[in-house]
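To keep things clear, I will list the structure first and then write my remarks on it.
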Amino acid sequence: MAYVRWSRYFLPTWKEEPAEADLPSHVLMLRAGMIRPLAAGIYTYLPFGWRALRKVEAIVREEMDAIGGAELHMPVVHPAELWAKTGRLVDAGEILIRFQDRAGREMVLGPTHEEVVTDLARREIQSWRQLPLMLYQIQTKFRDEPRARGGLVRVREFTMKDGYSFHEDAADLDRYYPEVYRAYERIFRRCGLAPVPVEADPGLMGGSGSHEFMLPNDGGEDTFVRCTGCGYAANREGAVADKRSDPDEELRPLEEVATPGCDTIEEVASFLGVPPRRTAKAVFFRAGDRLAFVVIRGDLEVNEAKLARLLGTAELAPASEEEIAASGAVPGYASPIGISGPGVVIVVDDSIPGARNLVAGANKEGFHLRNVNFPRDFQASLVGDVALARDGDPCVRCGGTLRVRRGIELGHIFKLGTKYSQALGATFLDRAGQARPLVMGCYGIGIGRLLAAVIESHHDEEGIVWPASVTPFHALVTVLNPTAQPQLALATSIAAHLAQLGLDVLLDDRERTPGEKFHDAKLVGIPVLVVIGPRSLRKGEVEIERRRDGVRDVVSADLAAIQRSVGDLLRAEGG
RNA sequence: CGGAGAGUAGCGCAGCUUGGUCAGCGCGCAUGGUUCGGGACCAUGAGGUCGGCGGUUCAAAUCCGCCCUCUCCGACCA
């Protein structure tokens, strides 16, 4: 294995902070010559960044192979027709970028590959004897996200490991799913990361389970909820909080009260001198061709993801004033009492049945009702949890405190069930000779995002501090004065020797001042630095420095001693 | 898509309010020289249709309009 000479490599570093970058990983990946932007959310990986990405990939590949995965490679360009068959040509919406080929055929760039892999399975899997099967790829995806952000944390074009498992029944998927879960834990641990596994919302994907691996990070693109008491953790969309019923009290009779100009909960509550949680508010959504009239305790917010799931629809949008009025409700003073209609679904959050004598709208401009009680005064089409968990809410499991945190979603695993196999007719013959749809799981990891997360977790004020497992190079050999033949010769033989041992070695043979070379070394963050300079060389020595803490070893300038020292330091880094 | 901010040399920025030696600074880059252990110094030099289009004006980086791009917050996120 050969070493790489910096003077002939392409590793352009920046001394100054780029103005456009905010997140540490984004700043450092630009400064350390790893990536360059081409357009919003679209990046070139420069050689140094690409090396790091390949290291991460290698770990992912090893762990996927270890659980029986078979790597394949599917196309980036898909016929739109295939997406139409599963309904996602519509459901995926704007993130699915579309175009026509020269013959006018509608095509898309794949944002994910359930359709393609299921189509493949449909053609190739006929018998239970071929199951279970895990196929995966590490490949480019394109999602036309409404907002790219945070460097590689959220991009439009990205490298993703996506895996798909096929099973004869749900029980076999249930058996295999934890294996993938554990493989994911190993992958992240090997990358030096400790994400929190959170229960995720299976959403409209259906299926019986899903987990996200969230790395707590204030610059993260996602939000999750975690209990400080019991470790309960969930995606924001699915997080459940304890709503604490009110103590039982006598149901008092309805009473109309004038509340002029109070068309928000805060105004009503302060006008009447009651806390917001003693009110019921009405929130309206358009759900397809129906109007959803959501009744929820006044201090809570509606979680649209939960509502969508309860209603079984993907099309959910805030209703306009006209639509609200058309249902017979008065915006600002809407009341569930007396509302009914063929197009109206009354959804009652489960905070309402446990509450007593609430203040709610009177369906009359300027008036509210006191002592509204469910179900005495109004009925519901659906009752369920549609509330957004808030920071500080009590935990449903242990009564501890929930904390809302930002995080980077490193991976997502999913029990898909038969949604795609049914839509595409991917069936097999079971042991009884019966045709059944394949039961599927899917498992994703954003490789570039994972790389960014590594840097988020492994850097200091001066630059990246690579974990040995994913560092682009294990050792950086710096010749302070490459124009001095003996120094260069020694450095070259050290680099060659270390490379021979199987290490990835970068030789900084650039004609730069020592200061620049030391600063660049810090910036690019290679774990072990071997310094060949006149000062120590006069004593027949070289210095070996560890990036993480600056610990320095001075050894005699012979290959065996250097090899030993470098080896010791790297082993201490876990590499 | 809503809110906020920004586009002037490869990078970081000043100039814009008050139109007229405002095409400038620092870093970087090139050449020569002096340096050479923690982002050196001197000299010379290259590099910009001031995001684009249109308008106002004798005159526009500067004023006006439209558009494009990028960043941040939110919405969104199989």
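If you're wondering where the values come from, they're calculated on a predicted model, not measured in any experiment. Here is how names work: the chains are called A, B, and so on, in the same order as the sequence lines, proteins then strands, and each is numbered from 1.
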Donor-acceptor pair present, [X] side chain and [N] base, under 3.5 Å:
| X | N | value |
| --- | --- | --- |
| A:Glu16 | B:G26 | yes |
| A:Arg512 | B:G37 | no |
| A:Arg154 | B:C77 | yes |
| A:Asp520 | B:G39 | yes |
| A:Thr513 | B:G37 | no |

Now, which nucleotide makes the Watson-Crick or G-U wobble pair with [N], with each of the two distances under 3.5 Å?
| N | value |
| --- | --- |
| B:A30 | B:U44 |
| B:U17 | none |
| B:A23 | none |
| B:U57 | none |
| B:G38 | none |
| B:C66 | B:G52 |
| B:C1 | B:G74 |

Gap between atoms [atom1] and [atom2], on [X] and [N] respectively (whole Å):
| X | N | atom1 | atom2 | answer |
| --- | --- | --- | --- | --- |
| A:Arg236 | B:C76 | CZ | P | 11 Å |
| A:Glu516 | B:A40 | CD | C1' | 9 Å |
| A:Arg156 | B:C77 | CZ | P | 18 Å |
| A:Asn303 | B:C76 | CG | P | 9 Å |
| A:Ile95 | B:C1 | CD1 | P | 17 Å |
| A:Glu20 | B:G5 | CD | P | 16 Å |
| A:Glu409 | B:C76 | CD | C1' | 14 Å |
| A:Lys15 | B:A40 | NZ | P | 7 Å |

Nearest of [options] to any side-chain atom of [X]?
| X | options | value |
| --- | --- | --- |
| A:Glu545 | B:G39, B:G37, B:G38 | B:G38 |
| A:Trp14 | B:G74, B:G38, B:C11 | B:C11 |
| A:Arg406 | B:G39, B:G74, B:C70 | B:G74 |
| A:Leu480 | B:G38, B:G37, B:C77 | B:G37 |
| A:Pro18 | B:G74, B:G12, B:G37 | B:G12 |
| A:Arg147 | B:G74, B:G39, B:G38 | B:G74 |
| A:Arg149 | B:C13, B:C73, B:G38 | B:C73 |
| A:Pro514 | B:C72, B:C27, B:C36 | B:C36 |

5'-most contact on RNA chain B (nearest-nucleotide basis), A:Pro146 vs A:Asn481, goes to A:Asn481
Whichever of A:Asp218 and A:Ala19 has the more 5' nearest nucleotide on RNA chain B, that residue is A:Ala19
Euclidean distance for [atom1], [N] against [M] (whole angstrom):
| N | M | atom1 | result |
| --- | --- | --- | --- |
| B:U18 | B:C22 | C1' | 15 Å |
| B:G33 | B:G37 | C1' | 23 Å |
| B:G19 | B:A9 | C1' | 24 Å |
| B:C58 | B:A4 | C1' | 39 Å |
| B:G38 | B:C42 | C1' | 23 Å |
| B:C76 | B:C70 | P | 22 Å |
| B:G5 | B:A14 | P | 16 Å |
| B:C25 | B:C50 | C1' | 15 Å |

Assess whether a salt bridge exists between [X] and [Y], defined as any Lys/Arg side-chain N lying under 4.0 Å from an Asp/Glu carboxylate O.
| X | Y | answer |
| --- | --- | --- |
| A:Arg88 | A:Glu114 | yes |
| A:Arg406 | A:Asp218 | no |
| A:Asp520 | A:Lys517 | no |
| A:Arg122 | A:Glu115 | no |
| A:Asp299 | A:Arg390 | yes |
| A:Asp460 | A:Arg548 | no |

Is [X] touching bases, backbone alone, or none of the nucleic acid, heavy atoms closer than 4.0 Å?
| X | result |
| --- | --- |
| A:Pro12 | nothing |
| A:Lys522 | base |
| A:Glu94 | nothing |
| A:Ala21 | nothing |
| A:Gly446 | nothing |
| A:Ser536 | base |

Please check if any side-chain donor atom of A:Gln137 sits under 3.5 Å from a side-chain acceptor atom of A:Asp162, or the reverse. yes
Close aromatic pair by centroid cut-off 6.0 Å: A:Tyr136 and A:Tyr164: no
Below 6.0 angstrom between ring centroids: does that apply to A:Phe213 and A:Tyr181? yes
